[in-house]
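Data block below; observations after.
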Amino acid sequence: MAAPAPDLISVFSSPQELGASLAQLVAQRAACCLAGARARFALGLSGGSLVSMLARELPAAAAPAGPASLARWTVGFCDERLVPFEHAESTYGLYRTHLLSRLPIPDSQVITINPQLPVEEAAEDYAKKLRQAFQGDSIPVFDLLILGEREKIVAPISDSPKPPPQRVTLTLPVLNAARTVIFVATGEGKAAVLKRILEDKEENPLPAALVQPHTGKLCWFLDEAAAGLLTVPFEKHSTL
C-alpha cells in the first residue's frame with residue numbers, strides 16, 4: 001500500500017538554502033509553542049549531516065527569541081549510537097560540541113542516553129527519561145521531530161548496518177505522535193530511495209514511509225539533487 005501524501009514537499013536549490021529555511025522553521029515553531037499554553041518547546045533531532053546544517057544556521061535563527069525563550073526548550077535525540085559522547089559517532093556529542101554549546105538550553109533539558117549501559121538497558125533508561133521529561137506520558141509528544149531519511153517507545157538495535165552496530169532509536173509510535181515531523185534529505189544518492197518512499201506502491205514499504213503522524217504534519221525538505229527523480233508535486237524554493 002502507498003503511504004499517504006506528505007503535507008508538504010519543499011525542494012531547495014542547495015543544502016545551504018535548505019538549512020537556512022529549516023532553522024527558520026524551528027525558530028518559528030518554538031515561538032508559536034512558547035506563545036501558547038505550553039510551557040516548553042520539545043525538539044527531537046537526528047544526527048548525520050543535520051548536525052552541521054543546524055549548527056551553521058540555528059543559533060542565528062533562534063537568537064532573536066532571547067535566552068529566556070531558549071531556556072524553555074527541551075531537546076531529545078531520535079537516533080543515538082551506543083558510544084561515549086566523545087566518540088565521533090555520538091549524535092549528542094556532535095550536537096553538544098557544534099550546536100548546544102552556542103544555545104542557552106539548560107543541560108537538564110537535554111535528554112540523552114546513558115552510553116555506559118548495555119543496549120537493552122540504555123533503551124529502557126532513555127524511555128524512562130523521556131517519560132519524566134514529558135510528565136509521565138506513555139508516548140512523548142514532540143512539537144517538532146527532524147529526521148534524516150531512514151528509520152516500547154524506544155527500541156534497542158544491536159545490528160545496525162552502519163558501525164558501531166548498537167544504537168537506541170525512537171519507534172514509530174513516538175514519531176507518529178509528534179505535532180510536526182520533517183524529513184531532510186540531500187544529494188543525488190538519495191534520489192532513488194526518495195522516489196520509492198514518496199511515489200511507489202510497495203507491499204513492504206521502507207521504514208520512512210511508515211512515518212505518518214496521527215494528527216500532526218509530515219513534511220519533506222529536499223535539495224534539487226535529492227528530488228531529481230520525483231514526479232509528484234512539490235514546492236520549489238528559489239535561491240536566497
Side-chain angles (χ1 to χ4, degrees), residues 1-10 22 25-26 28-30 32-33 36-38 40-48 50 54 73-81 91-92 111-113 119-120 122-157 160 167-185 190 193-222 226 230 232 234-235:
M1 56 179 286
D7 295 285
L8 177 67
I9 302 175
S10 293
L22 179 63
L25 186 148
V26 173
Q28 290 166 5
R29 289 297 166 89
C32 289
C33 287
R38 290 196 298 277
R40 59 137 185 264
F41 169 62
L43 174 66
L45 299 172
S46 295
L50 284 171
L54 290 171
W73 287 29
T74 294
V75 177
F77 301 94
C78 305
D79 190 86
E80 179 63 283
R81 302 284 173 177
T91 299
Y92 166 63
I111 311 165
T112 65
I113 68 165
V119 64
E120 295 277 353
E124 293 175 4
D125 178 71
Y126 189 50
K128 180 179 178 181
K129 290 176 180 176
L130 286 171
R131 290 192 178 101
Q132 289 173 341
F134 286 80
Q135 301 174 335
D137 291 346
S138 58
I139 298 180
V141 178
F142 283 88
D143 295 300
L144 177 60
L145 289 178
I146 305 177
L147 305 175
E149 165 278 307
R150 60 168 190 248
E151 304 298 283
K152 318 169 169 172
I153 70 164
V154 176
I157 297 176
S160 171
R167 70 175 192 237
V168 171
T169 183
L170 297 185
T171 56
L172 278 172
V174 179
L175 303 184
N176 287 335
R179 295 185 174 93
T180 300
V181 175
I182 299 179
F183 276 102
V184 176
K190 301 290 179 62
V193 72
L194 286 173
K195 185 173 181 65
R196 286 181 61 191
I197 292 169
L198 294 172
E199 296 186 4
D200 294 351
K201 297 180 180 180
E202 298 190 17
E203 184 175 347
N204 298 304
L206 295 172
L210 300 175
V211 178
Q212 302 166 22
H214 303 310
T215 59
K217 292 185 177 181
L218 174 62
C219 306
W220 286 80
F221 273 32
L222 315 173
L230 295 183
V232 293
F234 55 76
E235 182 178 297

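For the numbers below, each heavy atom of this structure counts, side chains included, while hydrogens, waters and symmetry mates do not. This structure is a prediction, so every number in the text was calculated from the model and none was measured.
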Of the non-hydrogen atoms in [X] and [Y], which two are nearest, and what is the gap between them?
| X | Y | value |
| --- | --- | --- |
| Ala177 | Ile139 | CB-CG2, 3.7 Å |
| Ala185 | Ala226 | O-CB, 3.6 Å |
| Pro213 | Ala178 | CB-O, 4.0 Å |
| Leu50 | Leu147 | CD1-C, 4.0 Å |
| Lys217 | Asp7 | CA-OD2, 3.2 Å |

Worked verdict on Phe221 versus Leu25 for side chain to side chain contact (heavy atoms under 4.5 Å, CB included): CA-CA 11 Å; Phe221 273 32; Leu25 186 148; 3.7 Å; yes

Return the [atom1] to [atom2] distance between [X] and [Y], rounded to the nearest 0.5 Å.
| X | Y | atom1 | atom2 | answer |
| --- | --- | --- | --- | --- |
| Asn176 | Thr215 | CG | OG1 | 10.0 Å |
| Asp200 | Lys195 | CG | NZ | 6.5 Å |
| Ile197 | Leu210 | CD1 | CG | 10.0 Å |
| Ile182 | Trp220 | CD1 | CH2 | 12.0 Å |
| Ile9 | Phe183 | CD1 | CZ | 12.0 Å |
| Asp125 | Leu130 | CG | CG | 9.5 Å |

Counting N and O atoms only, with roles assigned by atom type, does the side chain of [X] sit under 3.5 Å from a partner on the main chain of [Y], one being a donor and the other an acceptor?
| X | Y | value |
| --- | --- | --- |
| Glu80 | Val168 | no |
| Glu235 | Leu8 | no |
| Thr169 | Cys78 | yes |
| Thr91 | Asp79 | yes |

Aromatic ring pairing Trp73/Phe41, orientation class (parallel under 30°, perpendicular over 60°, tilted between):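 Rings of Trp73 and Phe41: perpendicular, over 60°.
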
Student check: side-chain heavy atoms of Leu145 and Val211 closer than 4.5 Å: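 No, side chains not in contact.
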
Lys/Arg-Asp/Glu bridge criterion (N-O < 4.0 Å) met for Arg29, Asp143: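 Salt bridge between Arg29 and Asp143, a charged N being under 4.0 Å from a carboxylate O: no.
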
Qualifying residue for side chain to side chain contact (heavy atoms under 4.5 Å, CB included) with Phe77, from Ile111, Thr112, Leu170: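 Only match with Phe77 under side chain to side chain contact (heavy atoms under 4.5 Å, CB included): Thr112.
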
